[in-house]
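We number each residue from 1, following the sequence as shown. What you see is a predicted model, and the numbers here were worked out from it, not measured in a lab.
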Amino acid sequence: MTADTNDQSGRKKPERSDSLRTFGAVYQGFREYRGFTQESLAPEIRYSPDYIGSVEQGRMLPSKTFVDRSEEVLDALGVLRKAAKGLSKKPGLAAWFQAWAGLEENAITLYTYECRLIPGLLQTEAYARALFTHQLPPLSAEQVEAQWAARAERQQLLRERPNTAFSFLLEEQLFLRRTGGVEVTRDLVDHILAVAEQPNVEIQIMPLVRETHAGLDGPMQLLETPEHQWYAYCEAQRGALLLTDLKEVSALQMRYARMRSQALSLDDSVGLLRQMRGAL
């Protein structure tokens, strides 16, 4: 994914911002003082209980709309708006990606379809740095380091959440492009083959020649929370869209399910990856 580019290495991982934790504690205090639970407040501000919980635990940068609605419903005397001005996000993560990153950390199901580049959760350091180095506008060395650190931290999800079901649908062309060169691509394929051995990870390849394709509108991600709520995320050049409307999410679930049937099987996908690896 590109989100954390606007968004193992052994470097110190970025810590959650103290300002986010402080804001979350203040927010929780106002919520409880006004007699709301997370569940009862959710419909009043039109955000999910999971979103509220992520904000209160300091895992998510709240959107301006979330702060404004909460300020009014909780009659917070302007305190929440003032506190929000001092918030800082995780280094290396794009502002528009903060909400999704927070949901990702607790997801029990995470589906990803990509047609532009290898998703961030599957990238090697060399592949990620090839993307960062050639990004426009150019990034400073410090920005590159921050972005790789953020990406490496996100990749812990694959190792630390064995009960989360991960599914990745990847276009064959992503490997044929050889981003970063032959050696980078060879190591990338080896890495993805290793990840595919995890029992909770499914990786399927969408073949280059495919007469029907349900994902022609672009990349997408879907996730399920522990409360069995589903969200969708669609990314573009300079921003992204987090979808919570059940009708919209359902449409993307339907497309993803169709693509899983159109892609190569798990065994055939591994076979193709090995074949491409041998050709490098």
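Under a 3.5 Å cut-off, the side chain of Q155 and the backbone N or O of Q123 do form a donor-acceptor pair. When atom types are taken as modelled, the side chain of H228 and the backbone of E224 share no donor-acceptor pair closer than 3.5 angstrom. One N or O on the side chain of Q198 and one on the backbone of L158 form a donor-acceptor pair closer than 3.5 Å. With Q173 contributing its side chain and C115 its backbone, the two residues share a donor-acceptor pair below 3.5 Å. Judged by distance alone, the side chain of Q204 and the main-chain N or O of R260 form a donor-acceptor pair under 3.5 Å. With R177 contributing its side chain and R116 its backbone, the two residues share a donor-acceptor pair below 3.5 Å. A donor-acceptor pair under 3.5 Å links the side-chain atoms of Q262 to the main chain of A214, judged by distance alone. A donor-acceptor pair under 3.5 Å is absent between the side-chain atoms of R31 and the main chain of L74, judged by distance alone. Proximity of a side-chain donor or acceptor of D50 to a complementary backbone N or O of L103 within less than 3.5 Å is not detected.
Around atom CG of L176, more than 12 heavy atoms belonging to other residues, nucleotides or ligands sit under 6.0 Å away. The local environment of CZ in R258 is sparse, with at most 12 non-hydrogen atoms from other residues, nucleotides or ligands closer than 6.0 Å. For CG of D267, the number of neighbouring non-hydrogen atoms (other residues, nucleotides, ligands) closer than 6.0 Å is 12 at most.
Note: F23 CZ to E56 CD = 9.5 Å, rounded to the nearest 0.5 Å. Q38 CD to S48 OG: the interatomic distance, rounded to the nearest 0.5 Å, is 9.5 Å. With rounding to the nearest 0.5 Å, the separation of CG in L169 from CZ in R255 is 14.0 Å. In this structure, CD1 on I52 lies 4.0 Å from CD1 on I45, to the nearest 0.5 angstrom. To the nearest 0.5 angstrom, R46 atom CZ is 11.5 Å from L41 atom CG. To the nearest 0.5 Å, the span separating CG on L80 from CD on E71 amounts to 5.0 Å.
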Show your reasoning for whether side-chain hydrogen bond (donor to acceptor under 3.5 Å, both in side chains) applies to Y113 and E171.
CA-CA 8 Å; Y113 164 64; E171 293 287 343; 2.6 Å; yes

Derivation of the side-chain contact (heavy atoms from CB on, under 4.5 Å) call for M220 and M259:
CA-CA 12 Å; M220 72 173 78; M259 281 192 288; 3.8 Å; yes

Please test F175 against I205 for side-chain contact (heavy atoms from CB on, under 4.5 Å), starting from the C-alpha separation and ending with a verdict.
CA-CA 10 Å; F175 302 94; I205 305 298; 3.8 Å; yes

Could you walk me through whether L157 and F166 pass side-chain contact (heavy atoms from CB on, under 4.5 Å), step by step?
CA-CA 10 Å; L157 291 173; F166 294 91; 4.3 Å; yes

Check against side-chain hydrogen bond (donor to acceptor under 3.5 Å, both in side chains), S167 and Y256
CA-CA 10 Å; S167 168; Y256 196 89; 2.8 Å; yes

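Using a 30° and 60° split on the angle between ring planes, Y111 and W230 fall in the tilted class, from 30° to 60°.
V249 is listed as a side-chain neighbour of L222, based on a closest heavy-atom distance under 4.5 Å.
Side-chain N/O atoms of Q147 and Q143 include no donor and acceptor closer than 3.5 Å.
Figure legend: cation-pi geometry between R151 and F132 absent, as NZ or CZ is not positioned both under 6.0 Å from the six-membered ring centre and within 45° of its axis.
Test L280, I118, T179 against T185 for side chain to side chain contact (heavy atoms under 4.5 Å, CB included) and you get one pass: L280.
Residues F66 and Y27 place their aromatic rings such that the two centres sit under 6.0 Å apart.
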